[in-house]
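Notes follow the structure.
Values below: all heavy atoms of this structure, side chains included; hydrogens, waters and symmetry mates excluded. Since we're looking at a predicted model, the values are computed, not measured.
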Amino acid sequence: MSQRAGESAPERSGGGGMTDFGRLVRAEWTKFRTVRGWVLGIVAAAAVTVLLGLYVASNSLSSCSLGTVEVECPTPPVGPDGEAVRDKFYFVHQPLAGDGAITVRVTSMTGLITYPPPNHNEIVPGLVEWAKAGVIAKDGTAEGSRYVALMVTAKHGVRMQHDFIHDTAGKPGAVSADAPRWLRLTRAGATLTGEESTDGASWTRVGTATLAGTVEIGLFVTSPSDLTVDGGVGGGTAQARLAKATATFDNVGLTGTAPGGDWLRDDVGAKPNLDGAPHHPGSVEEAGGVMTLSGNGDMAPLTGEAGPAVPLVLIGLVIGLIVVIVVAALNVSTELRRGLIGVTLLASPRRGRVLAAKAVVLGTVTFVAGTAAAALVIPLAWDLLRDNGFRQPGLPLPTIARVAVEAGLLVAGTALLTLGLGALLRRGLAAVGIAVAVVVLPYLAVIIGGLPTAASEWLLRLTPAAAFAIQQVTPEYAHVVANYTPGSGYYPLPAWGGLAVMAGYAALALGLAAARLRRSDA
């Protein structure tokens, strides 16, 4: 077909818009992989993430002691859901094979705290908030075995807890001689029902749980350590001090067990001293139908005390992100400043589409690199830590996979944020400076800067550094007091929330950059 003078030739699109964009993405990928500096930069970012994590893990040592003698650190028990737990309490019990119940009245609860601040040289009366005493049915006396417990606590009223991670609130209020609490735990089949009363006549149900088979049923007392955290949420230092609780029980009623059976006594979870005697033992005294039990420890997830957290083994990710930021800034700012973008615009004159193609390529490359680096370093570093004396349980494969993918999203989000800044500012150095300032520096300020708690929390909520929440692998439990700080692997936002904050900043930067490029097209 001939073309008349003065008529323009029809535009050859070679297919639909998506086909054109796919061709543009392939062109950007070809460009990226042929620029040696960009490729080496991404490889270096992944390598430093792995190597620095392995270096830190190999140089981290753990040791434990009994008195002045150094001993191998014990492996923490594992609960029924696979989490590391603390399972230490004083237990007076009898076996129960079928249906039955235990009823008691708790008339008092007191305690002692050793070496509290500011003097660090005395033992004073006091109860920590989650000191607990009550009735319990447990699947044997082995640490980590299943249990159902109904209890009074020092500051959280009556609670029903089971299997370490489950907690149901009853009525508030502390126990005293003027305000005793009646507790009843009843088993029918495999179902245990917890009830409380103020007078032993009118009962209120607290909750239910299941526990089948022959169990040990009886009374218990325990008390977590007195924990204080000095400094900011990220730079805080936790200090734990031994605390002991003592509770008095009377009106003890037990059905379903062998008639006239003797009470068995166990200091569950107590570790022996070098002479074989229990370390920080509990005790029981019985007189005139009144039992007085004393104990220390806890029945709860280990949380922040489980050992080195993921932030330790992913320490190299911080340096790797800086390398990624430099590559991402140069990926677009160099082309814009030197006019090299004109070559790409011959294929597609729409600069916004070019930026989108760059984002697809850069985001994909950095996601793959970040995911691969995290997936490699986490299990390898964990093995090194165990070789060096740390005894926390290894991370399950699904958890490693989740953290690795989320680390890839963190790296990709940082790259896209920087890409948008580079296209918007057209100055690579400025883009690098801003990206480091909003992603890396807030995180470092929280981890090592000792900022006030409120400031630290807001930094990890409102800046792109919120995405570091991907490093949290164990939940925070309301019924466990622990050092819930980023240094221990805890963050104010969940992983998806932190990644959403990062995605919002990246989308904003890319959107503003696209708007500026469209104005250049007009």
Side-chain angles (χ1 to χ4, degrees), residues 45 48-49 52-53 56-57 60 227-240 303-325 370 373-374 377-378 381 402-403 406-415 417-418 421 432-477 480-506 509:
V48 75
T49 300
L52 186 55
V56 171
S60 298
L227 184 71
T228 58
V229 180
D230 302 321
V233 68
T237 300
Q239 294 181 339
T303 59
E305 301 170 82
V310 169
L312 177 69
V313 300
L314 285 183
I315 187 66
L317 185 62
V318 178
I319 307 302
L321 281 178
I322 296 176
V323 179
V324 168
I325 287 171
V377 70
I378 292 174
R402 176 187 65 79
V403 174
E406 290 173 349
L409 293 174
L410 165 60
V411 176
T414 302
L417 170 62
T418 310
L421 291 171
V432 169
I434 293 175
V436 170
V438 299
V439 177
V440 177
L441 293 185
Y443 175 72
L444 293 178
V446 169
I447 293 297
I448 64 176
L451 296 176
T453 299
S456 298
E457 288 186 346
W458 283 114
L459 277 177
L460 292 181
R461 289 179 184 272
L462 299 181
T463 69
F468 279 97
I470 61 103
Q471 298 177 121
Q472 181 168 334
V473 296
T474 53
E476 181 175 340
Y477 295 95
V480 182
V481 176
N483 186 24
Y484 292 123
T485 67
S488 296
Y490 291 88
Y491 296 82
L493 291 178
W496 65 264
L499 289 172
V501 172
M502 170 66 81
Y505 277 98

So do Val56 and Val313 actually touch side chain to side chain, heavy atoms under 4.5 Å? no
So which atom in Gly320 and which in Ala45 form the shortest heavy-atom distance, rounded to 0.1 Å? O-CB, 3.5 Å
Are any of the side-chain heavy atoms of Leu317 and Val411 separated by less than 4.5 Å? yes
Are any of the side-chain heavy atoms of Leu314 and Phe468 separated by less than 4.5 Å? no
Distance-minimising heavy-atom pair for Pro492 and Glu457: CG-O, 3.8 Å
Scanning both residues in full, the closest heavy-atom pair of Ala509 with Leu421 reads CB-N, 4.1 Å
Nearest heavy-atom approach of Pro464 to Leu417 is CG-CD2, 4.0 Å
To the nearest 0.5 Å, tell me how far Leu459 CG sits from Leu441 CG. 10.5 Å
Just verifying a value: how many Å separate Thr414 OG1 and Leu321 CG, rounded to the nearest 0.5 Å? 4.5 Å
Using the rule side chain to side chain contact (heavy atoms under 4.5 Å, CB included), only one of Thr463, Val439, Ile470, Leu409 pairs with Met502; which is it? Val439
On a heavy-atom basis, which atom in Tyr443 and which in Ala465 lie closest, and how many Å separate them? N-CB, 4.0 Å
OH of Tyr505 to OG1 of Thr418, rounded to nearest 0.5 Å, is 14.0 Å
Do Gln472 side-chain atoms and Thr474 backbone N/O form a donor-acceptor pair below 3.5 Å? yes
Classify the angle between the aromatic ring planes of Tyr484 and Tyr490 as parallel (below 30°), tilted (30 to 60°) or perpendicular (above 60°). perpendicular
Shortest non-hydrogen contact between Val310 and Val403, atoms and distance: CG1-CG1, 4.2 Å
Is the shortest heavy-atom distance from the side chain of Pro311 to the side chain of Ile447 under 4.5 Å? no
